[in-house]
2 protein chains.
Amino acid sequence: MADGRKTVQTRAKSDNDAPARKRLPRNEREQMIVREATRFFAEVGFEGQTRELARRLGVTQPLIFRYFPTKEDLIERVYQEVYLSRWNPWWEELLEDRSMPLTERLSQFYKAYTTAIFTYEWVRIFVYSGLKGVNINRRYLALIRDRVLKRIMTEVRAEQNLPTPEEIPLSEREIELAWGLHGGVFYIAIRKWIYEFETPEDIEGVLEATVESFVKGAPAVMRRLLEGDQTKAKAPGLSLDNSTI
Amino acid sequence: MADGRKTVQTRAKSDNDAPARKRLPRNEREQMIVREATRFFAEVGFEGQTRELARRLGVTQPLIFRYFPTKEDLIERVYQEVYLSRWNPWWEELLEDRSMPLTERLSQFYKAYTTAIFTYEWVRIFVYSGLKGVNINRRYLALIRDRVLKRIMTEVRAEQNLPTPEEIPLSEREIELAWGLHGGVFYIAIRKWIYEFETPEDIEGVLEATVESFVKGAPAVMRRLLEGDQTKAKAPGLSLDNSTI
DNA sequence: TATGTTGTTTATCGATCGATAATAATTCGA
DNA sequence: TCGAATTATTATCGATCGATAAACAACATA
């Protein structure tokens, strides 16, 4: 304001915290936007406003639209950022490495899996996109079922000297047993990052105990299922009326 | 209807689908709004717009604000509608009825619990309010922990002739074992209503198998925990860096 | 130092949101 | 049957949303 030059005015944008205009290479700025958008949407959901996102980035709102044509494009990019390449193929090898006891394999797997997946961003983005009805979630759960749960049940059968899946295919009930284990583990993350409820400090110890309980409990059920105890095989049919209330 | 009264004219608001203006007693209309709002918010989340809600109700948007001063007040009311009085005190008696085998008690409990809780509205409203950071969720999880999980672990101890919680308090690790069971069960609802993924038709059978697996697996872990196997008691500390990737 | 390229901001549009005030229509008791 | 009381609608406000266009400023190169 003193010397009347435009440049000075626009740069020293008052004595506020605003760190003045910073010009970045295209790749760098794009990465910055995606990273901040991930944090932002994980926190407030995908209805979060581009103006608030821009404020957190320290840039103006229209700049975002110079990098992503629409907000939906940015969201799509966030999906990729979160889900992409967090899958470790080694996990699958680990699960079927029979040189190790099954309990040890499952413990190691879930420790590695939760280390990779149990983050604020991953869990909340996953749930938000699930509520939104995005297809990514179904694809991911199918991945878990086919690459993890089926492997787990195959290994449980092997350790119990039960028929292989080639001889007798895995039943839905067996897969559901594995979902019980997996869901119980994932629910720790839901408690922590969706409900903000207390979770154990020593997650690894809890995983060990959970796995041990599974390995000691599931085989008995499987033997019953496979060795033809039909008395408990009830007719299908879901009764979900609220008659209890 | 055939006598040409004014009522007839205004009611038959053209031959459109619009069911004409209907004047209702205050209580009735209020109940109708709350019920439809519950379905609506469960579907689209709390950012759902009052205009769309009004359209579904077949009334004008300002009418909603004649019954609820603000949208937030309506949401608060929806919370009450969903959570209130879905808790059945009989569940707690059931869990500690030692005239029944523990497996049978747990099966019956989870069948009754899921019958009352596993609804589209309940599950989605619960997750939406959790993401929003509402306190209700933490209160509810504390209820589950204190009235259900602690009871379950008390009964497991009793069946194994282990010390009562009065003699040796329940450890966090034991509670976590019960969370594993409970989370595994609730994850079925998450798969179905949050991710829209396949779930078993015969939920009751799955609950029986899951409970059986728990009752056969958990006691072994508990005996180890209680009988002083300290070798596996690792130092606390959560390692959640993504070093695996 | 001059100039073209490109990252960034300013200004603003049209649509949509929750909410309010004024008006109309329905119901029911005297 | 008439009019007060209550329910519902019409019209609209101010704020906020995603998105666009034009102007500006930083940097690389010559």
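Quick note on labels: first sequence line is chain A, next is B, and so on, each numbered from 1. Values below: every heavy atom of this structure, side chains too, minus hydrogens, waters and symmetry copies.
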To the nearest angstrom, how far is Arg23(B) atom CZ from dA5(D) atom P? 13 Å
Nearest whole angstrom, please: distance from the C1' of dG18(C) to the CG of Leu53(B). 13 Å
When the ring planes of His182(A) and Tyr113(A) are compared, do they come out parallel, tilted or perpendicular, using 30° and 60° as the limits? tilted
Side-chain N,O (Arg29(B)) to OP1/OP2 (dT7(D)) below 4.0 Å: no
If you look at every strand shown and take non-hydrogen atoms under 4.0 Å, does Tyr67(B) touch a base, only sugar-phosphate, or nothing? sugar-phosphate
Send over the distance from Ile75(B) CD1 to dG18(C) C1', rounded to a whole Å. 11 Å
Could you grab the distance from atom CD of Glu30(B) to atom CZ of Arg66(B), nearest 0.5 Å is fine? 13.0 Å
Please give, in whole Å, the distance from dG18(D) C1' to Phe46(A) CZ? 17 Å
Test item: Arg39(A) side-chain N/O and Glu121(A) main-chain N/O as donor-acceptor pair under 3.5 Å: no
May I ask you to evaluate whether Thr50(A) reaches the phosphate of dG18(D), defined as a side-chain N or O under 4.0 Å from OP1 or OP2? yes
For a quick check of understanding: with a heavy-atom distance under 4.0 Å over all strands, which category does Arg26(B) fall into, base, sugar-phosphate or nothing? sugar-phosphate
Rounded to whole Å, CZ of Arg55(B) lies from C1' of dT9(D) at a distance of 18 Å
Output the rounded distance in Å from CD (Gln61(B)) to P (dT12(D)). 15 Å
Looking at every strand, decide which applies to Pro62(B) at a 4.0 Å heavy-atom threshold: base, sugar-phosphate, or nothing. base
Please report the distance, rounded to the nearest Å, between CD in Glu28(B) and C1' in dT7(D). 13 Å
Looking at Leu106(B), is its backbone amide N or carbonyl O close enough to the side chain of Lys111(B) to form a donor-acceptor pair, meaning the two atoms are under 3.5 Å apart? no
Would you find a donor on one side and an acceptor on the other, under 3.5 Å apart, between the side chain of Arg105(B) and the backbone of Leu95(B)? yes
With a non-hydrogen cut-off below 4.0 angstrom, is Arg66(B) in contact with a base, only sugar-phosphate, or nothing? base
For DNA chain C, whose closest nucleotide is more 5', that of Leu24(A) or that of Glu72(B)? Leu24(A)
Have a look at Arg51(A) and say if it touches a base, only the backbone sugar-phosphate, or nothing, with a 4.0 Å heavy-atom cut-off. base
Could you check how far CZ of Phe40(A) sits from C1' of dG18(D), rounded to whole Å? 13 Å
Starting at the 5' end of DNA chain D, which residue's closest nucleotide do you reach first, Gln49(A) or Pro69(A)? Gln49(A)
